[in-house]
2 protein chains.
Amino acid sequence: MPRRPGSHAAETNRRMREAALRLFARHGYAAVSMRRIAAEVGVQAGALYSHTPDKQTLLFSLMQDHMHELLAARAALPPVRGAEARLEQFARFHIRFHLARPEAVFISYMELRNLEPENFRVIEGLRRDYETALETILRDGAAEGVFSVPDAKIAALGLIAMLNGVNTWYREGGRLTLEEVEAIYRDMARKAVAV
Amino acid sequence: MPRRPGSHAAETNRRMREAALRLFARHGYAAVSMRRIAAEVGVQAGALYSHTPDKQTLLFSLMQDHMHELLAARAALPPVRGAEARLEQFARFHIRFHLARPEAVFISYMELRNLEPENFRVIEGLRRDYETALETILRDGAAEGVFSVPDAKIAALGLIAMLNGVNTWYREGGRLTLEEVEAIYRDMARKAVAV
DNA sequence: GTCTATATACTGATAGAC
DNA sequence: GTCTATCAGTATATAGAC
């Protein structure tokens, strides 16, 4: 597959998204210029517009990809029986998935307000789909009599918020291993909704 | 107290901080210009610099005030006996205090990355003081034998993250009253660290 | 696809009149 | 304390050469 000089479309696109993800996460969407992203990629600012129609679409695309990956990965989990086991699986999956891509997670939460209304609506819908998955587990558990949750929706949001919190402080090589963190939060989540 | 025309120092200062709080919360620090804040206040951009040395100091001041208020309000809580009662008091206080000022809460979390290093250090110190208060409750409860927490620091961060989550969805006049929300989260927090 | 150059608009902050 | 005017820098995005 010969390449003409100055033609590295796929590679430049990948590097642009990678740089944007890192810079948006670190400094915020509004604080990062297209020039700065371009500098990280090693091209001039104008060249980025061959890979994204504008800055807003770049942000939206990063967030949408993250949410799609999240939903696909969850849907691909092996089926388990019983609400308790499903909750433990969810907690473990959530922590592991989110700790593996802290920048995408950070952006997908922090930059919601910088999405144009239509884009915001799309991302919010994907987020709600994910929340509903946990809500269903809690509802089933309540029906089975193994969980005690006065409001499954609120409980789901509470658990997700707690699990998300891991991303704000966990650093690889820190005091606790990933397995220890998973165990601690899985237990807290389980107990929080227990009868 | 007669006022010369064009001299409304205290009032303009108050309005500037109020506008900055609202605009920073809604659009983000980096996305809000001094001109836009000035427009909300009803003065020209240059006039703001009689009330703050620069934009960064304005942000820092808003965050610092919020954290001082938080710590002062918590310190003023009536003393209660027993780790369980103290935890319930903390949860109730946290939710009520944070829901009463969503914009300051939002900014104090989201705009940390836009603080200059020295300012960041100060705010982080205040935040850690608050987290330590809850950590102490959990540690005491573990010593009393009423809580089961393998790591008090991690548990405190987890509970605070869960409680903070309320701010992302609670709206006055919604499906649940403030009292119901408090009760749900207080119970989840209590159970999460129970033996 | 990337470059240079540029249009147009906005940014934080300051100077000096009143 | 607020105004007008302005400096110097930067922003997003586009046009046309290669």
Side-chain angles (χ1 to χ4, degrees), chain A residues 1-21 23-24 26-63 107 111 113-119, chain B residues 1-21 23-24 26-63 107 111 113-119:
Chain A
M1 209 58 158
R3 235 194 245 139
R4 288 199 310 281
S7 172
H8 311 266
E11 178 68 2
T12 299
N13 187 49
R14 188 188 63 74
R15 288 162 58 86
M16 174 189 73
R17 300 171 66 82
E18 196 178 78
L21 194 72
L23 291 172
F24 288 167
R26 190 161 320 177
H27 306 286
Y29 171 76
V32 174
S33 67
M34 293 297 271
R35 273 175 179 76
R36 189 154 172 196
I37 297 171
E40 291 276 309
V41 177
V43 297
Q44 292 301 310
L48 296 182
Y49 291 86
S50 296
H51 303 277
T52 180
D54 50 40
K55 191 185 173 190
Q56 165 72 203
T57 304
L58 175 56
L59 172 64
F60 171 66
S61 171
L62 291 173
M63 294 173 72
I107 288 174
E111 302 298 353
R113 62 185 170 184
N114 284 312
L115 288 177
E116 288 166 6
E118 194 177 352
N119 292 339
Chain B
M1 209 59 158
R3 234 193 248 138
R4 287 200 310 281
S7 172
H8 310 267
E11 178 69 1
T12 299
N13 187 49
R14 190 188 62 75
R15 287 160 60 85
M16 174 190 72
R17 300 171 66 83
E18 195 177 78
L21 195 72
L23 291 172
F24 288 167
R26 191 161 318 179
H27 307 286
Y29 171 77
V32 174
S33 66
M34 292 298 271
R35 277 173 178 75
R36 191 155 170 195
I37 297 170
E40 291 274 309
V41 176
V43 297
Q44 292 300 311
L48 295 182
Y49 291 86
S50 295
H51 304 277
T52 182
D54 50 42
K55 192 185 173 190
Q56 166 72 201
T57 304
L58 176 55
L59 172 65
F60 172 66
S61 171
L62 291 173
M63 293 173 72
I107 288 173
E111 302 299 353
R113 63 186 168 184
N114 284 313
L115 288 177
E116 287 164 8
E118 194 178 350
N119 292 338

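Small disclaimer: the values here were computed from a predicted structure and weren't measured. Below, read A as the first sequence line, B as the second, and so on, with proteins coming before strands; counting in each chain starts at 1.
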Worksheet entry | Side-chain touch A:Lys55/A:Phe24, heavy atoms, less than 4.5 angstrom | yes
Quick note, salt bridge (charged side-chain N to carboxylate O under 4.0 Å, His left out) partners involving residues 39-53 of chain B, not counting sequence neighbours, are B:Arg22-B:Glu40
With the side chain counted from C-beta on, respond yes when A:Ile107 and A:Tyr29 share a heavy-atom pair under 4.5 Å apart, and no when they do not. no
Between CG of B:Leu48 and P of D:dT4 the distance, given in whole Å, is 14 Å
Atom CD1 of A:Ile37 and atom P of D:dA11 are separated, to the nearest Å, by 11 Å
Worksheet entry | Note: B:Arg15-B:Glu18 ion pair, threshold 4.0 Å (strictly below) | no
Testing D:dT4, D:dG1, C:dC3 for proximity to the side chain of B:Gln44, the answer is D:dT4
Q. Does the side chain of A:Met34 reach to within under 4.5 Å of the side chain of A:Tyr49, using non-hydrogen atoms?
A. yes
**Prompt:** Does the side chain of B:Arg17 come under 3.5 Å of the side chain of B:Thr52 through a donor N or O and an acceptor N or O?
**Reply:** no
From CG of B:Asn13 across to C1' of D:dT2 the rounded distance in Å is 14 Å
Per-nt protein contacts along nucleotides 12-18 of chain C (heavy atom under 4.0 Å; B base, S backbone sugar-phosphate only, - none) come out as BBB----
Base-pair string, DNA chain C, Watson-Crick plus G-U, cut-off 3.5 Å on both distances, | for inter-strand, is ||||||||||||||||||
Short question: side chain of B:Gln56, backbone of B:Asn114 - any donor-acceptor pair under 3.5 Å? yes
Atom CE of B:Met16 and atom P of D:dG1 are separated, to the nearest Å, by 12 Å
B:Ser50 has its side chain closest, among C:dG1, D:dG1, D:dC3, to D:dG1
Separation of C:dG1 atom P from A:His51 atom NE2, nearest Å, is 6 Å
Between CG of A:Leu58 and C1' of D:dA13 the distance, given in whole Å, is 14 Å
When you check the gap from the basic side-chain N to the acidic O, do B:Arg113 and A:Glu111 get nearer than 4.0 Å? yes
Minimum side-chain heavy-atom gap B:Asn119-B:Thr57 below 4.5 Å
no
Exercise. Respond yes when some side-chain nitrogen or oxygen of A:Thr12 is under 4.0 Å from OP1 or OP2 of C:dT2, and no when none is.
Key: yes
